[in-house]
Amino acid sequence: MVRPHGRVAHLILLLGVALAFSACRHVERQELPREAANDPPDFTVVSRTTEIPTYPCTERCHARREPNPTPRDLTAYHTRIVLRHGPNPHFCDFCHVLEHPETLHRIDGETFGFDEAYRLCGQCHGEKLRDWMSGIHGLQTGSWNGSVTRRVCTACHNPHAPGHISLESLPPPQRPRNEDGEPPAEDAEVTE
Amino acid sequence: MKTREENFRLPIVQEEPEEKLGGVEVEGMQRLQSTRRDFMKQVGITAGVTAAASATGCSDATWEEYFHQHYKRMSDDEKAELFAILEQRTKEHYGVDVQIKDPQPIEGVEFAYALNISLCIGCRQCEYACAKENNTSRDSEMHYIRVLEIDKGTMDVDLCDHFYTGEVPKPDKYYMPVQCHHCANPPCVDACPVEATWREKDGIVVVDYDWCIGCRYCEAACPYWARRFNWEEPSIRPSDINPDQGYLSNRIRPKGVMEKCTFCLHRTREGKNPACLEACPVGARKFGDLNDPNSEIRRIIATKRVYVFKEELGTLPRFFYFFG
């Protein structure tokens, strides 16, 4: 065997390994649900607008009162709204269209209503949107093999200050009783 | 512990005032069961059918009630007859019109459940929705779902607590609801001495409540603490009764038999979701067909970190936990 041939063999071997690797990676990659942020929805959502007393914003107020886009703490109106979303929250007009605030917009210029707020959130929470689109994140009711109804992100998360969700738990089951009808000691095992 | 004799005591049939019980006793439902057992005993002794029938003191119970066959051996006509009797019993004792159905497995479907541990906040909404849907006894608080509160950073279910109270989630805990795992290799089915429990074609493990002898072997065999024994007469207020009932699922069970989660087969075999899924406020529960490559279940198994509880036991659960 001559040396150059050895080199070539090496090279071929390396190439083979690299190819095998890329092939492996290809196989390993799971088929993910389609990137659906722009697709027409094949599901229904529980509308948010009935939940919001000040909807529609323009008609109710902003036709007469022009919104002020200067970032500041709100003291006159919307005093409930304190933006606590990520380290540097954007101000109102990043999400709301200034001229008619019941419309939301994305940085690519797309506009939509509150019921499609998931498209807004998906700009930054792509993975969560993908899971939501494939029915994995968020509540999806209806049928396991038919039409589904979803909740928009804002049904669970406050878009202005998404904290962590907490609830009062419903009462625990009765502790199992012993022969005298007394509840057993605190450290009883889980099986009844 | 109650003795065996107490559990199978012949019920005293008498009208009790409603306010005293805070609900309504289910004499009829229990009588249906207990008299059948007692009847069998007595047939053995007296070997006289008519003598035994009068000895039970239940003149309104019919031949079909006493002698109806195991679910799998009943003909469609026999089923229809029995369901009509059961419906009528419920009407007599609760004044509620119910419909008892017997939906069959859907061809080619195998059900599976996935629960997102990262989302579950331990609020117990599923537990109560389940009790309501499945007509479980309210006084004894027989809940098919048990939500475990576990210390973060551990997987030790022996140190968990399912009697926690107050606001959830607690910062240093995570929550893991446990119910029947509908194993493909179910130890409870193997343990049953009378074949009163079996796995259906779509993977749902069911119980023939009228065939069950209440020995509780299955309860001991289940590693997921999923099976419950009816210690008492089921107590449900008539207004709380869910009239949409399945013979193998949520019909009102008699005292002295085993019961458990059935993936709400009276709902799911008709395309609906289980009641616990619909009740989950955070959407942690997912249900679907394991054989359908486009189902959420399959997508979860393909793309998420999935955890099989007590995998080492080889029970092959159709209930998965996942993170995401």
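These figures come from a predicted structure and were not determined experimentally. Order of the sequence lines sets the chain letters (A, B, ...), proteins ahead of strands, with each chain counted from 1.
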Apply side chain to side chain contact (heavy atoms under 4.5 Å, CB included) to the pair B/Arg299 and A/Ser134, showing each step before the final yes or no. CA-CA 8 Å; B/Arg299 251 177 262 151; A/Ser134 53; 2.8 Å; yes

Going through the checks in order, is the side chain to side chain contact (heavy atoms under 4.5 Å, CB included) test met by A/Gln140 and B/Asn273? CA-CA 10 Å; A/Gln140 177 173 296; B/Asn273 284 319; over 6 Å; no

Intermediate values then yes/no, side chain to side chain contact (heavy atoms under 4.5 Å, CB included), A/Ile165 and B/Val282: CA-CA 9 Å; A/Ile165 292 166; B/Val282 297; 4.3 Å; yes

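Note that the CD atom of A/Glu168 and the OG1 atom of B/Thr165 stand 8.0 Å from one another [nearest 0.5 Å]. Between the CG atom of A/Leu139 and the CG atom of B/Leu277 there is a distance of 7.0 Å, given to the nearest 0.5 Å. In this structure, the separation between OG1 on A/Thr141 and CD on B/Glu278 is 5.0 Å, given to the nearest 0.5 Å. Between atom CG of residue A/Asn145 and atom NZ of residue B/Lys272 there is a gap of 12.0 Å, rounded to the nearest 0.5 Å.
Of the possible donor and acceptor atoms, none in the side chain of A/Ser166 sits under 3.5 Å from a partner among the backbone N and O of B/Pro169.
Residue B/Lys286 comes nearest to A/Gly135 through the heavy atom pair NZ-O, 2.9 Å, listed as atom of the first residue, atom of the second, then distance. Taking every heavy atom of both residues into account, A/Cys156 and B/Pro281 meet most closely at SG-O, 4.1 Å. Of all heavy-atom pairs spanning B/Arg124 and A/Leu170, the tightest one is NH1-O, 2.6 Å. Here the shortest heavy-atom pairing between B/Gly166 and A/Ser169 reads O-OG, 2.7 Å.
Looking only at heavy-atom pairs under 4.5 Å with chain A, the residue among B/Gly271, B/Gly288, B/Cys123 that has the most is B/Gly271.
Within 6.0 Å of OH in B/Tyr217 there are 12 or fewer heavy atoms belonging to other residues, nucleotides or ligands. For B/Lys310, the NZ atom is densely surrounded, since the number of other residues' heavy atoms within 6.0 Å is greater than 12. By the 6.0 Å contact criterion, CG on A/Asp73 is open, its count of non-hydrogen atoms from other residues, nucleotides or ligands being 12 or less. More than 12 heavy atoms of other shown residues, nucleotides or ligands fall within 6.0 angstrom of atom NZ in B/Lys173. In B/Glu167, the CD atom is crowded: over 12 heavy atoms of neighbouring residues, nucleotides or ligands sit closer than 6.0 Å. Enclosure of atom CZ in A/Arg80 is not indicated, since only 12 or fewer non-hydrogen atoms of other residues, nucleotides or ligands lie within 6.0 angstrom. Counting non-hydrogen atoms of other residues, nucleotides and ligands closer than 6.0 Å to OH of A/Tyr77 gives a total of 12 or fewer.
Of the two parts of B/Tyr164, the backbone and the side chain both hold a non-hydrogen atom closer than 4.5 Å to a non-hydrogen atom of chain A. Contacts between B/Leu119 and chain A at a heavy-atom distance below 4.5 Å involve the side chain alone, from C-beta outward. Heavy atoms closer than 4.5 Å to chain A are found nowhere in B/Ser295, neither backbone nor side chain. For a residue to count as touching a neighbouring chain, one of its non-hydrogen atoms must lie under 4.5 Å from one of that chain's; by this rule B/Gln125 touches chain A with backbone and side chain alike. Only the side chain of B/Tyr128 comes within less than 4.5 Å of a heavy atom of chain A; its backbone N, CA, C and O stay farther away. In this structure, chain A has a heavy atom under 4.5 Å from the side chain of B/Lys304, while its backbone stays farther away. In this structure, chain A has a heavy atom under 4.5 Å from the side chain of B/Val109, while its backbone stays farther away. Residue contact with chain A, scored on non-hydrogen atoms closer than 4.5 Å, involves the side chain of B/Ile106 exclusively.
For the pair B/Ile297 and A/Trp144, the minimum side-chain heavy-atom distance is 4.5 Å or more. Under the 4.5 Å side-chain criterion, counting only non-hydrogen atoms from C-beta, B/His162 is in contact with A/Pro173.
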